[in-house]
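Comments concern the structure below.
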2 protein chains.
Amino acid sequence: MSISEEPARPAGAAAAHRNIPPASLARLTIYLRALGTMLADGVERVSSDELAEATGVNSPKVRKDLSYLGSYGTRGVGYEVSYLSGHIAAALGLTQNWRVAIVGAGNLGKALAGYPGFGSRGFEVVALLDSDPLVVGQEIGWLRVSPVDVMETVLERTRANMAVLSVPADVAQGLCDRLVACGITSILSFAPVVLQVPDHVQLRKVDMATELQILAYHAQRARVSDIADQARARLAE
Amino acid sequence: MSISEEPARPAGAAAAHRNIPPASLARLTIYLRALGTMLADGVERVSSDELAEATGVNSPKVRKDLSYLGSYGTRGVGYEVSYLSGHIAAALGLTQNWRVAIVGAGNLGKALAGYPGFGSRGFEVVALLDSDPLVVGQEIGWLRVSPVDVMETVLERTRANMAVLSVPADVAQGLCDRLVACGITSILSFAPVVLQVPDHVQLRKVDMATELQILAYHAQRARVSDIADQARARLAE
DNA sequence: GAATGTGAACCCATTCACAGCG
DNA sequence: CGCTGTGAATGGGTTCACATTC
């Protein structure tokens with residue numbers, strides 16, 4: 001609850017303007033990354049055209065997306081990189097620190113724990129959990145893998161407020177339930193199953209099988225079209 | 001080209017009905033997985049309601065999605081699991097075998113190579129490539145890691161027709177270009193950068209940073225709403 | 001002059017209700 | 001009678017043009 005509802009905000013709320021459409025939200029994270037590299041390169045100003053070029057979207061879309069946050073540009077000039085970057089980060093809620101627990105320290109969990117852009121933007125991995133006795137106790141980066149048995153204790157001690165599930169499909173729902181019971185309300189799952197969570201919990205899924213199958217569909221279509229093209233070409237002779 | 005065009009198909013094409021809307025396409029892969037586990041459980045028939053329940057969508061949506069493939073259900077009864085499963089697989093182009101090259105054999109690449117549901121549905125990992133001399137030569141599953149230097153040779157020998165990019169951001173575009181030059185037209189990238197590819201290449205991106213930031217946005221909004229709720233509650237007293 | 005910000009038009013996706021069929 | 005399949009209505013996202021501002 002309280003998500004997806006918009007009960008006529010009493011106005012005057014500091015950050016968090018009107019709610020951002022999901023499609024725009026996803027793109028804002030991309031703009032943010034592009035702005036980050038520009039900032040690192042010492043670029044000071046950017047136009048919607050340039051930002052569009054860098055992120056692979058078109059410029060009206062960029063402007064519309066940015067307009068959901070408010071007017072942070074200068075007409076005739078463009079956007080100041082650091083200023084815009086800061087405002088997007090604030091709108092996304094990246095000014096506070098998010099403490100992430102990674103459940104499942106297999107290859108995927110290890111890869112995620114070592115993910116560079118992770119620590120940077122307000123995210124910190126505070127716990128790594130696994131059920132395998134051979135993995136428990138291993139040091140990954142600055143962290144030691146804890147046993148999942150004591151997940152509840154670890155989550156409380158580390159005050160984690162987000163979780164990543166990188167475990168096999170058959171144990172995902174059980175662990176997900178335990179995370180929810182611990183009060184975690186933001187979960188990113190890599191497990192190839194549909195997970196059930198209460199309404200107040202935000203669950204996002206990354207699914208490689210889905211992605212590959214979508215690619216397969218398009219590749220197949222391209223092949224079929226090619227064959228059709230060839231057939232037409234032959235007929236045209 | 002030839003993708004996203006629909007030049008009045010001359011009718012009579014075997015598989016590949018009219019093109020499936022992207023949103024439906026993504027869900028079809030989920031139905032397919034659910035049907036797979038049902039099949040394994042010996043379930044023979046399923047209704048749109050049950051399939052909806054299992055996949056977390058609503059039943060009219062399920063029916064509409066399935067209707068894009070044609071009429072494979074029986075009114076008053078439901079769908080035969082194996083029959084429907086087969087038709088979805090065919091529509092997605094999973095009847096042929098896709099040979100996937102994984103570029104980048106770090107933790108992520110290794111995790112992907114070992115991904116279980118991978119080999120199952122028409123996908124086979126045929127090559128694993130890395131630039132690190134310490135990683136090259138390692139055996140992961142049934143595969144030996146090859147040096148990226150000879151990527152072109154390996155791709156040709158293995159007749160790979162799909163690629164997964166699991167490499168750091170700064171080398172992703174270069175490797176992507178080389179994949180395209182090799183004739184690869186389907187690429188799944190895990191690198192946190194915007195990649196430029198020609199129109200005829202299908203590129204999909206999985207981006208953990210984006211996912212976490214979207215979660216952060218919602219979590220922050222929930223928090224803000226909660227505070228607002230509390231304020232309202234206090235005022236109401 | 002140049003580029004932002006936005007209302008209006010357009011297009012795709014979801015929802016709904018119900019006709020059609022076993 | 002039950003459940004599928006689908007047109008029609010609704011809602012959200014994208015595109016476009018242009019008024020607006022520096």
Side-chain angles (χ1 to χ4, degrees), chain A residues 3-6 17-31 34-35 38 43-81 83-85 87-88 91 214 217-218, chain B residues 3-6 17-31 34-35 38 43-81 83-85 87-88 91 214 217-218:
Chain A
I3 279 180
S4 87
E5 292 264 310
E6 181 79 353
H17 274 253
R18 47 201 154 282
N19 49 358
I20 302 169
S24 291
L25 183 52
R27 285 189 299 268
L28 282 170
T29 68
I30 310 294
Y31 305 150
L35 291 170
M38 286 175 186
V43 180
E44 289 183 358
R45 270 204 307 270
V46 67
S47 69
S48 61
D49 266 316
E50 293 164 339
L51 196 49
E53 168 73 23
T55 53
V57 296
N58 53 37
S59 55
K61 213 187 272 185
V62 170
R63 292 200 296 277
K64 206 31 19 127
D65 289 340
L66 295 181
S67 79
Y68 288 117
L69 311 180
S71 294
Y72 296 126
T74 312
R75 295 178 191 224
V77 179
Y79 304 86
E80 201 198 321
V81 174
Y83 185 70
L84 181 59
S85 171
H87 275 290
I88 296 180
I214 292 172
Y217 170 75
H218 290 299
Chain B
I3 280 180
S4 87
E5 293 265 310
E6 181 78 355
H17 274 256
R18 48 202 153 282
N19 49 358
I20 303 169
S24 291
L25 184 53
R27 284 189 300 268
L28 283 170
T29 68
I30 310 295
Y31 305 150
L35 291 169
M38 286 175 186
V43 180
E44 289 183 359
R45 270 204 306 271
V46 67
S47 69
S48 62
D49 265 316
E50 292 164 341
L51 196 49
E53 168 73 24
T55 54
V57 297
N58 54 38
S59 53
K61 213 187 272 186
V62 170
R63 292 200 297 276
K64 185 105 284 174
D65 288 341
L66 295 181
S67 79
Y68 288 117
L69 310 180
S71 294
Y72 296 125
T74 311
R75 296 178 189 225
V77 178
Y79 305 87
E80 201 199 321
V81 174
Y83 185 70
L84 181 59
S85 170
H87 275 290
I88 296 180
I214 292 173
Y217 171 76
H218 290 300

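Numbered from 1 within each chain, the chains take letters A, B, ... in sequence-line order. Computed over heavy atoms, backbone and side chain alike; hydrogens, waters and symmetry mates excluded.
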### Query
So, do A:Glu44 and A:Val81 sit near enough that their side-chain heavy atoms are less than 4.5 Å apart?
no
### Summary
From NZ of A:Lys64 across to P of C:dA9 the rounded distance in Å is 13 Å
### Query
Below 4.5 Å, heavy atoms only, C-beta onward: do B:Ile20 and B:Asp65 meet side chain to side chain?
no
### Query
Taking only side-chain nitrogens and oxygens of B:Thr74, does any of them come within less than 4.0 Å of OP1 or OP2 of C:dG22?
no
### Message
Taking 4.0 Å as the cut-off, does a side-chain nitrogen or oxygen of A:Asn58 come that near to OP1 or OP2 on D:dT15?
### Response
yes
### Query
Do the side-chain N or O atoms of A:Ser48 get closer than 4.0 angstrom to the phosphate oxygens (OP1, OP2) of C:dT4?
yes
#### Entry: Nearest-nucleotide 5' precedence on DNA chain C, B:Ala23 against A:Ser71
A:Ser71
### Message
Base, sugar-phosphate or nothing for B:Asp49? Non-hydrogen atoms, less than 4.0 Å.
### Response
nothing
#### Entry: Minimum side-chain heavy-atom gap B:Arg63-B:Ser59 below 4.5 Å
yes
### Summary
Testing C:dT6, C:dA13, D:dT14 for proximity to the side chain of B:Pro22, the answer is C:dA13
### Query
For B:Leu69 and D:dT6, what is the distance between atoms CG and C1' respectively, to the nearest whole Å?
15 Å
### Message
Measure CG/B:Leu66 against P/D:dT6 and give the value in whole Å, please.
### Response
11 Å
### Length of the NZ-P vector between A:Lys61 and C:dT4, whole Å
17 Å
### Message
Assess the residue pair B:Leu25 and B:Asn19 against the criterion (side-chain contact (heavy atoms from CB on, under 4.5 Å)); give the C-alpha distance rounded to whole Å, side-chain angles, the decisive distance to 0.1 Å, and a yes or no.
### Response
CA-CA 9 Å; B:Leu25 184 53; B:Asn19 49 358; over 6 Å; no
### Task
Provide, to the nearest angstrom, the distance between the OH atom belonging to A:Tyr79 and the P atom belonging to D:dT21.
15 Å
#### Entry: Rounded interatomic separation in angstrom, taking OH from B:Tyr72 and P from D:dG5
11 Å
### Message
What is the distance, to the nearest angstrom, from the CZ atom on B:Arg63 to the P atom on D:dG2?
### Response
15 Å
### Query
When we call it a touch if two heavy atoms are under 4.0 Å apart, what does B:Arg27 touch: a base, just sugar-phosphate, or nothing?
sugar-phosphate
### Query
Mapping A:Val77 and A:Asp65 to their closest nucleotides on DNA chain D, which lands nearer the 5' end?
A:Asp65
### Task
Measure from CG on B:Leu25 to P on C:dT14 and round the result to the nearest Å.
12 Å
#### Entry: Proximal nucleotide (of D:dC22, C:dC21, D:dT6) relative to the B:Arg75 side chain
C:dC21
### Task
Please work out whether the ring planes of B:Tyr83 and B:Tyr72 are parallel, tilted or perpendicular, with thresholds of 30° and 60°.
perpendicular
### Query
Among the nucleotides D:dC16, C:dA13, C:dT4, which one has an atom lying closest to any side-chain atom of A:Pro60?
D:dC16
